[in-house]
Amino acid sequence: MTRHVVVVGAGVTGLLTALRCARAGLRVTVLDSGPVPNPASTSHDEHRALRALEPGDVAATRASAVLHRQWLELESLLGTRFYRRVGVVTGWPADAVDGALDVAREAGVPVSVVEPEKYPHLRFPAGSVGLVEADAGVLLADRVLDAAARWLREQPRVVLRPGCPVREVDADTASAVTADGTTVRGDVLLVATGPWSPELVDVPTVLHRQTTVYLRPPDDLVPWWEGAPSAGRIGDDGRAWLLPPGGGTQLKISSASLCREVAAVGDDAEEWSDRLALSSVLDDHERYTVTGTRTCHYAVDAQTGGGSLVRTGPSTWARAASGGDGFRTAPAVAGRIAEEVGT
Ligand SMILES: Cc1cc2nc3c(=O)[nH]c(=O)nc-3n(C[C@H](O)[C@H](O)[C@H](O)COP(=O)(O)OP(=O)(O)OC[C@H]3O[C@@H](n4cnc5c(N)ncnc54)[C@H](O)[C@@H]3O)c2cc1C
């Protein structure tokens with residue numbers, strides 16, 4: 001009999017896992033408390049960065065380069081353009097550059113050095129050097145989710161169940177119990193409920209809340225920004241990052257200084273976006289118009305500070321923590337679960 005995979009949560013992790021398993025000929029059921037895709041999920045945003053270089057770690061850089069190729073394959077499978085290869089520039093102290101270049105060379109990832117003056121509208125920490133990863137860029141996140149959900153809807157062996165909150169998971173039997181008391185049992189169960197994971201699985205995680213600010217550049221700078229890279233380790237303190245506008249998306253800026261640990265998913269009483277010192281990130285910042293802000297959450301593994309995929313029962317897995325790189329690494333989770341089902 002065809003094996004059945006149950007996925008709880010239809011963010012990027014759940015949808016890509018469902019897609020990978022469906023392509024392998026498995027029966028798949030996806031349960032989400034909201035619509036599919038859900039605009040309230042962490043994954044649903046205009047953009048997410050896709051990059052490979054992990055300075056100091058050749059193996060991780062190689063693994064990220066593999067993920068990069070998987071994203072390009074997915075783009076062609078789904079027939080939707082969702083990757084903008086605009087590059088990413090990051091600011092580094094001069095004495096860290098040689099080590100980073102060695103890692104890039106060994107892992108086969110093209111990286112070059114630029115003077116920050118090449119990007120006159122961005123501010124880098126004093127004395128830093130820019131490293132440009134040419135193949136990196138931006139995933140248009142909500143397009144990824146829409147395309148994956150559309151593809152899944154067309155598969156006869158896939159059932160998408162929006163508006164179906166799961167209230168309990170039985171890790172011993174790979175079963176999910178929905179709010180109306182129905183039990184959905186799989187040969188393999190994946191809990192991919194992002195920052196809501198602690199409600200269903202007991203794995204130590206730390207929840208982070210992050211605020212991002214969207215901006216419209218002044219008219220005369222629109223052409224420059226259309227060709228601008230994504231950027232990280234920028235701003236006077238080197239803690240800010242930005243995703244450039246283009247492909248129908250807005251300029252988005254945030255900073256690690258706006259990321260805070262919280263006890264639960266929710267809103268702040270205080271307006272955190274006011275703390276983003278645009279003056280330290282953008283030249284002529286007063287010429288930009290703030291068009292919106294967004295607050296979202298991600299959970300990290302309490303021990304490693306990163307994402308985690310843990311086995312919580314004989315055939316039950318949980319993406320208990322998705323981490324700040326949880327979007328670009330979703331294909332790795334999908335591959336791991338497909339492997340578990342024996343494809
Ligand atoms: C500000 C910010 C910037 C980021 N930037 C990047 C980046 O540049 N690159 C990158 O790779 N990553 C980035 N990340 C991380 C990345 O966005 C997340 O790790 C990833 O989107 C998590 O996806 P997910 O599918 O695991 O969870 P989610 O997208 O949160 O999806 C979880 C789903 O589970 C559903 N759900 C919840 N509870 C239940 C329940 N009880 N029953 C049924 N369904 C339920 C929800 O409705 C939701 O649809 C960023 C995160 C933030 C917050």
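Treat the numbers as computed from the prediction; the structure is a model and nothing was measured. Computed from heavy atoms alone, side chains included, the values below leave out hydrogens, waters and symmetry copies. In this chain, residues are counted from 1 in sequence order. Just so you know, ligand 1 is whichever comes first in the structure, and atom 1 is the first atom listed for that ligand.
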### Query
At a 4.0 Å threshold, what atoms of ligand 1 neighbour a non-hydrogen atom of V8?
42 (N), 43 (C)
### Query
Should E117 and R123 count as an ion pair when the cut-off is N to O under 4.0 Å?
no
### Query
So E115 and K118, salt bridge (charged side-chain N to carboxylate O under 4.0 Å, His left out) or not? Walk me through it.
CA-CA 6 Å; E115 290 306 322; K118 183 171 177 208; over 6 Å; no
### Query
Considering W196, Y298, W241, which one's heavy-atom position lies nearest to atom 38 (N) of ligand 1?
W196
### Task
Answer side chain, backbone, both or neither: which part of V12 comes under 4.0 Å from ligand 1, heavy atoms only.
both
### Message
T212 versus ligand 1: do any nitrogen or oxygen atoms come within less than 3.5 Å of each other?
### Response
no
#### Entry: Under 4.5 Å side-chain linkage, directly or through intermediates, the cluster mates of W92
L53, V58, V97, L101, V103, V109, V111, V113, V129, L131
### Message
Less than 4.0 angstrom from a charged side-chain N to a carboxylate O is my criterion; do R85 and D135 meet it?
### Response
yes
### Query
If you count the atoms of ligand 1 from 1 in the order shown, which ones are under 4.0 Å from a heavy atom of S43?
20 (C), 21 (O), 22 (C), 23 (O), 24 (P), 25 (O), 28 (P), 29 (O)
### Task
Heavy-atom contacts with A192 under 4.0 Å: which atoms of ligand 1 show up? List them by number with element.
32 (C), 33 (C), 34 (O)
### Task
Before accepting this row, confirm whether a basic side-chain N of the pair R143/D146 lies closer than 4.0 Å to the acidic partner's carboxylate O.
no
#### Entry: Heavy-atom nearest neighbour in the protein, as seen from atom 34 (O) of ligand 1, with distance rounded to 0.1 Å
G9 CA, 3.3 Å
### Task
Could you list which atoms of ligand 1 come closer than 4.0 Å to a heavy atom of L200?
41 (N)
### Residues clustering with V88 (ILVMFWY side chains joined when closer than 4.5 Å, directly or via others)
none
### Task
Considering heavy atoms of the protein only, find what lies nearest to atom 48 (C) of ligand 1 and give residue, atom and distance to 0.1 Å.
D32 OD2, 3.4 Å
### Task
List the closest protein heavy-atom neighbour of atom 31 (O) of ligand 1: residue, atom name, distance to the nearest 0.1 Å.
G11 CA, 3.4 Å
### Query
Starting from atom 5 (N) of ligand 1, which protein heavy atom do you reach first, and at what distance in Å?
R48 CD, 3.4 Å
### Query
For ligand 1, does L50 get within less than 4.0 Å through its side chain, its backbone, both, or neither, judged by non-hydrogen atoms?
neither
### Task
Check whether any side-chain N or O of S254 sits under 3.5 Å from a backbone N or O of T211 as a donor-acceptor pair, and report yes or no.
yes
### Message
So for ligand 1, is T329 a polar contact partner (N or O within less than 3.5 Å, distance only)?
### Response
no
### Task
Return a yes/no value for A49: is any of its N or O atoms, backbone included, closer than 3.5 angstrom to an N or O of ligand 1?
yes
### Query
What is the closest protein heavy atom to atom 13 (C) of ligand 1, and at what distance does it sit?
G324 O, 2.8 Å
## Note on the structure
Atoms of ligand 1 under 4.0 Å from any heavy atom of D325, numbered from 1 in the order shown, are 10 (C), 11 (O), 12 (N)
#### Entry: Stacked cation flag R260 on W272, 6.0 angstrom / 45 deg
yes
### Donor-acceptor under 3.5 Å (S280 side chain, G235 main chain)
no
### Message
Could you go through D187 and R27, starting from their C-alpha distance and side-chain angles, then the distance that decides it, and tell me whether this counts as salt bridge (charged side-chain N to carboxylate O under 4.0 Å, His left out)?
### Response
CA-CA 10 Å; D187 294 297; R27 268 196 322 123; 5.9 Å; no
### Message
Would Q210 count as a polar contact of ligand 1, with the cut-off being nitrogen or oxygen pairs under 3.5 Å?
### Response
no
### Residue and atom name of the nearest protein heavy atom (relative to atom 53 (C) of ligand 1), distance in Å to one decimal
C296 SG, 3.2 Å
### Message
With respect to G323, determine whether any N or O atom, backbone or side chain, lies less than 3.5 Å from an N or O atom of ligand 1.
### Response
yes
### Query
Taking the six-membered ring for Trp, are the ring centroids of Y288 and H121 within less than 6.0 Å of each other?
no
### Query
ligand 1 and V166, any nitrogen or oxygen pair closer than 3.5 angstrom?
yes
### Distance, nearest 0.5 Å, that separates CG of L122 from CD1 of I234
5.5 Å
### D170/R185 ion pair, N-O < 4.0 Å
no
### Task
Group every Ile, Leu, Val, Met, Phe, Trp and Tyr by side-chain heavy-atom contacts under 4.5 Å, then state whether L200 and V30 land in the same group.
no
### Message
Just to be sure I read this right, does ligand 1 sit under 4.0 Å from the backbone of F327, its side chain, both, or neither, counting only heavy atoms?
### Response
both
### Message
Pairs of nitrogen or oxygen atoms closer than 3.5 Å, one from E199 and one from ligand 1: do any exist?
### Response
no
### Task
Output yes when E261 and R209 qualify as a salt bridge under the 4.0 Å nitrogen-oxygen rule, no when they do not.
no
### Task
Could you point out which residue of T212, T293, D45 forms a side-chain hydrogen bond (donor to acceptor under 3.5 Å, both in side chains) with K252?
D45
### Task
Could you tell me whether some N/O pair between P195 and ligand 1 is separated by less than 3.5 angstrom?
no
### Task
Examine the proximity of ligand 1 to S33 and report which part, side chain or backbone, both or neither, has a heavy atom under 4.0 Å away.
both
### Query
Nearest to atom 30 (O) of ligand 1, what protein heavy atom do you find, and at what distance?
T42 OG1, 2.6 Å
### Task
Give yes if a backbone or side-chain nitrogen or oxygen of S322 is under 3.5 Å from a nitrogen or oxygen of ligand 1, and no if not.
yes
### Message
If I apply the N/O under 3.5 Å rule, does R328 come out as touching ligand 1?
### Response
yes
### Task
Give the atoms of ligand 1, by number and element, whose distance to some non-hydrogen atom of P165 is under 4.0 Å.
42 (N)
## Note on the structure
shortest atom 27 (O) of ligand 1-to-protein heavy-atom contact is with G194 CA, 3.4 Å
### Task
Identify whether the distance between the nearest side-chain nitrogen and carboxylate oxygen of E340 and R311 falls below 4.0 Å.
yes
